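Presented below is the structure to which this report refers.
Note that the structure is a prediction, hence the values are computed from the model and not measured. All values below were derived from every heavy atom in this structure, side-chain atoms included, with hydrogens, water molecules and symmetry-related copies excluded.
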Amino acid sequence: MSLSGVIFVSSTSSRRRSKMPFDKTLFFFLNGHKISSVIFLAYKYKIFEHLKQWITVKELAQVIAVKENVLKVMLDILTSINLLEKKNDQYVISAENMSLLSSNTPDNRLNYIETELKMYTSTNFFNDLEDRLTGKETYPQYYLDNQEVLENYVQMLDKEGIYTSFYIAREFRNRNIRTLLDVGGGVGTYAKTFCKLYTDMCIDVYDLAIMREKFQKNVKNEPCGDRINFHAKNIIENEIDHKYDAILLSNILHVIPCSSLDTIIEKVCNAINPNGMIIINDDILDKSDPKMNESLLRVLDWTVNGSVFYYSLDEISQKFAKYGLSLQKISHDKKLTTRILFLS
């Protein structure tokens with residue numbers, strides 16, 4: 001996914017957007033890829049790492065050995081989108097972005113930038129989207145084919161999952177959940193949190209075989225590791241072997257091809273014990289809001305990869321209602337870009 005749209009949306013308030021003439025709006029979107037290139041180069045040359053304290057262009061240019069005049073243009077661009085602050089010809093990461101752009105903070109987004117950079121330089125999004133538009137069925141496997149991209153993607157999801165897993169775990173307090181299936185559970189981030197908080201819970205993680213080694217590295221030394229089991233299963237091709245008190249679908253429905261989504265939902269619903277629950281953590285769209293947003297941009301990513309996961313809350317709820325499951329609660333924390341649905 002190109003960062004262009006995200007940059008524009010995150011750096012421009014709704015008040016300013018509403019006053020911007022259409023031709024200027026179009027201008028910024030058409031040139032968004034150039035702003036993405038500035039961010040990618042800033043990451044590549046570790047510019048953010050040197051901007052934790054105020055520094056002049058000349059000083060920074062000497063430290064990273066680049067052309068001062070070009071660097072100044074880049075820093076002013078980064079300032080214009082509120083990533084940096086500028087005062088008396090000195091620059092620093094803005095206070096609101098310090099935790100996002102510094103590698104020594106727990107919620108940094110440098111892995112995200114690196115993942116997008118790898119995809120930006122190794123793929124052609126325009127051609128891939130055109131292939132989907134014209135019906136070509138060969139899909140790029142960005143994360144699976146590139147080990148560096150996969151590694152960064154896993155780290156990014158792990159950091160997000162740590163917060164989200166605690167958020168979800170609160171909903172288990174008044175339920176007797178002893179068995180849980182985490183579909184697409186990756187390195188076991190959610191499983192670790194749940195098992196630490198609920199000492200009688202046992203969890204199965206389904207994911208591709210390529211994730212096994214990363215899972216074992218992440219879980220094997222945990223005291224609760226004996227209650228977390230990894231199964232090399234592709235939910236599209238394999239059946240669910242047991243029934244569970246709860247099944248978690250976190251950021252997994254959107255990677256399933258359109259033709260397989262209803263089948264997966266049927267599998268999951270049939271694998272729930274009586275009075276069990278299904279938790280969905282994903283980008284459920286608000287189709288009544290036509291403005292550009294992060295979820296809509298992610299739909300473009302999924303479309304290129306063969307899954308047009310473009311559902312509203314009502315649409316996704318209706319798919320589960322066929323199997324007697326109804327929406328019990330919706331959670332949306334300000335720190336999360338996704339919405340969490342609890343069905344039972």
*asked:* Applying side chain to side chain contact (heavy atoms under 4.5 Å, CB included) to D89 and K86, what does each step give before you reach the verdict?
replied: CA-CA 6 Å; D89 291 326; K86 180 180 179 181; 4.1 Å; yes
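- The two atoms that bring L325 and I278 nearest to each other are CD1-CD1, 3.4 Å, heavy atoms only.
- Using a 4.0 Å cut-off between charged side-chain N and carboxylate O, K322 and D262 make no salt bridge.
- Rounded to the nearest 0.5 angstrom, E130 CD and F125 CZ are separated by 12.5 Å.
- Heavy atoms of other residues, nucleotides or ligands lying less than 6.0 angstrom from NZ of K243 number more than 12.
- Within a 6.0 Å radius of CG in N275, other residues, nucleotides and ligands contribute 12 heavy atoms or fewer.
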_Y91 vs D76, test: side chain to side chain contact (heavy atoms under 4.5 Å, CB included). Steps then yes/no._
CA-CA 9 Å; Y91 299 83; D76 284 341; 2.6 Å; yes
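- Residue E68 comes nearest to A61 through the heavy atom pair CA-CB, 3.9 Å, listed as atom of the first residue, atom of the second, then distance.
- In this structure, Y244 and H242 have perpendicular ring planes: the angle between them is above 60°, well past the 30° mark.
- D245 has its side chain out of reach of N176: every pair of non-hydrogen atoms, C-beta onward, lies at least 4.5 Å apart.
- Between I247 and L180, every side-chain heavy-atom pair lies at or beyond the 4.5 Å cut-off.
- Residue F126 qualifies as open at atom CZ: its count of foreign heavy atoms under 6.0 Å is 12 or below.
- The number of heavy-atom neighbours closer than 6.0 Å to OH of Y45, taken from other residues, nucleotides and ligands shown, is 12 or below.
- Side chains of L341 and L313 form a contact here, defined as non-hydrogen atoms less than 4.5 Å apart.
- At least one donor-acceptor pair closer than 3.5 Å links the side chain of E59 to the backbone N or O of T56.
- Contact annotation: the side chain of L261 approaches that of K319 to within less than 4.5 Å [non-hydrogen atoms, C-beta and beyond].
- Looking only at distances, a side-chain donor or acceptor of N218 sits under 3.5 Å from a matching main-chain atom of V187.
- Counting only heavy atoms from C-beta outward, the side chains of Y323 and L343 never approach each other to under 4.5 Å.
- A distance-only check finds no donor-acceptor pair linking the side chain of T179 to the backbone of C202 [under 3.5 Å].
- When all heavy atoms are compared, the tightest approach of I235 to K267 is O-NZ, 2.8 Å.
- Y167 carries R170 over the face of its six-membered ring, with the cationic atom under 6.0 Å from the centre and within 45° of the normal.
- Ring geometry for F215 versus F230: interplanar angle of 30 to 60°, hence tilted.
- Using bins of under 30°, 30° to 60° and over 60° for the plane-to-plane angle, the ring pair F40/Y120 lands in the tilted bin.
- Annotation: the span from I279 atom CD1 to L248 atom CG amounts to 5.5 Å, rounded to 0.5 Å.
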*Given side chain to side chain contact (heavy atoms under 4.5 Å, CB included), test L181 with V268 step by step and report yes or no.*
CA-CA 10 Å; L181 171 63; V268 169; over 6 Å; no
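- Closest approach of F194 to S165, counting heavy atoms only: CE2-O, 3.2 Å.
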*Decide side chain to side chain contact (heavy atoms under 4.5 Å, CB included) for L101 and L51; before the verdict, give the C-alpha distance in whole Å, the side-chain angles of both, and the deciding distance to 0.1 Å.*
CA-CA 9 Å; L101 298 173; L51 287 168; over 6 Å; no
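- Counting heavy-atom neighbours within 6.0 Å of Q328 CD, excluding the residue itself, gives a total above 12.
- Residues H50 and K46 approach most closely at CD2-O, 3.1 Å, considering heavy atoms.
- Closest of all the heavy-atom pairs between N97 and N82 is ND2-O, 2.8 Å.
- At a threshold of 4.0 Å, the pair R178-D200 counts as salt-bridged, since one of the basic side-chain nitrogens sits closer than that to a carboxylate oxygen.
- Residue I340 holds its CD1 atom at 4.5 Å from CD1 of I168, rounded to the nearest 0.5 Å.
- Note that CG of N88 is 8.5 Å distant from CH2 of W54, once rounded to the nearest 0.5 Å.
- In this structure, CD in Q318 is found 7.0 Å from CD in E315, a value given to the nearest 0.5 Å.
- One distance of note links CD1 of I39 with CE of M74; it measures 10.0 Å at 0.5 Å rounding.
- When side chains are defined from C-beta on, L249 does not count as touching D282, because their heavy atoms never get closer than 4.5 Å.
- In this structure, Y190 and I203 have side chains that are not in contact, with every pair of non-hydrogen atoms separated by 4.5 Å or more.
- Hydrophobic clustering (ILVMFWY, side-chain heavy atoms < 4.5 Å, transitive): V92 and Y43 are in distinct clusters.
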